[in-house]
Amino acid sequence: MYFVSISRQHVRECLEDGNVFKLMTKEDVENVISSSLQPHGISFEVKTDFIQLIEQVDRSLWFHKWDFLNSI
């Protein structure tokens, strides 16, 4: 129960401060995407596939605060 309380507090603070990027590590992102794609027979590795994923983003929906992704 303590972990759940700490987790909720962390999420709340990240959202209140506008620090959504602190919600997950790159490994967490890899696990979520991999789990989502696995039933479709698609594998995902953050170290090799993340840049290709970002390149597929519709730029008309792009937020200026994401501009740092252009440098990776």
Side-chain angles (χ1 to χ4, degrees):
M1 192 66 158
Y2 176 73
F3 177 75
V4 172
S5 177
I6 294 296
S7 297
R8 285 183 182 157
Q9 179 181 347
H10 171 69
V11 169
R12 189 178 315 112
E13 289 174 2
C14 287
L15 295 175
E16 287 172 357
D17 296 341
N19 294 326
V20 178
F21 65 93
K22 291 184 179 181
L23 291 175
M24 292 186 179
T25 65
K26 68 179 180 182
E27 289 80 13
D28 294 331
V29 171
E30 180 177 42
N31 288 335
V32 169
I33 295 173
S34 291
S35 296
S36 300
L37 295 176
Q38 191 174 31
H40 304 285
I42 302 170
S43 63
F44 179 84
E45 291 186 31
V46 76
K47 290 181 180 178
T48 57
D49 300 325
F50 185 73
I51 291 175
Q52 289 177 334
L53 178 65
I54 293 299
E55 289 174 345
Q56 299 303 312
V57 171
D58 180 354
R59 298 297 174 149
S60 68
L61 305 172
W62 192 262
F63 295 100
H64 292 293
K65 60 185 167 186
W66 295 348
D67 287 345
F68 74 93
L69 292 170
N70 291 320
S71 64
I72 60 172

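No experiment lies behind these values; they were computed from the predicted model shown.
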Separation between CE of M24 and CD1 of I33, rounded to the nearest 0.5 Å: 8.5 Å
If the condition is ring-ring contact (aromatic ring centres under 6.0 Å, His included), which residues does F21 pass it with, not counting sequence neighbours? none
Give every donor-acceptor pair under 3.5 Å between a side-chain atom in residues 35-43 and any protein atom, sequence neighbours left out.
{"unit_1": "S35", "atom_1": "OG", "unit_2": "N31", "atom_2": "O", "d": "2.8"}
{"unit_1": "S36", "atom_1": "OG", "unit_2": "V32", "atom_2": "O", "d": "2.9"}

Can you measure from CZ (R12) to CZ (R8) and round to the nearest 0.5 angstrom? 8.5 Å
Distance, nearest 0.5 Å, that separates CG of L23 from CD of E13: 11.0 Å
Going by atom type alone, with no hydrogens or angles, which donor-acceptor pairs under 3.5 Å involve a side-chain atom of residues 44-56 and a protein atom two or more places apart or on another chain?
{"unit_1": "T48", "atom_1": "OG1", "unit_2": "E45", "atom_2": "O", "d": "3.4"}
{"unit_1": "D49", "atom_1": "OD2", "unit_2": "E45", "atom_2": "N", "d": "2.8"}

Starting at CG of D17, measure out to NZ of K22 and round the result to the nearest 0.5 Å. 7.0 Å
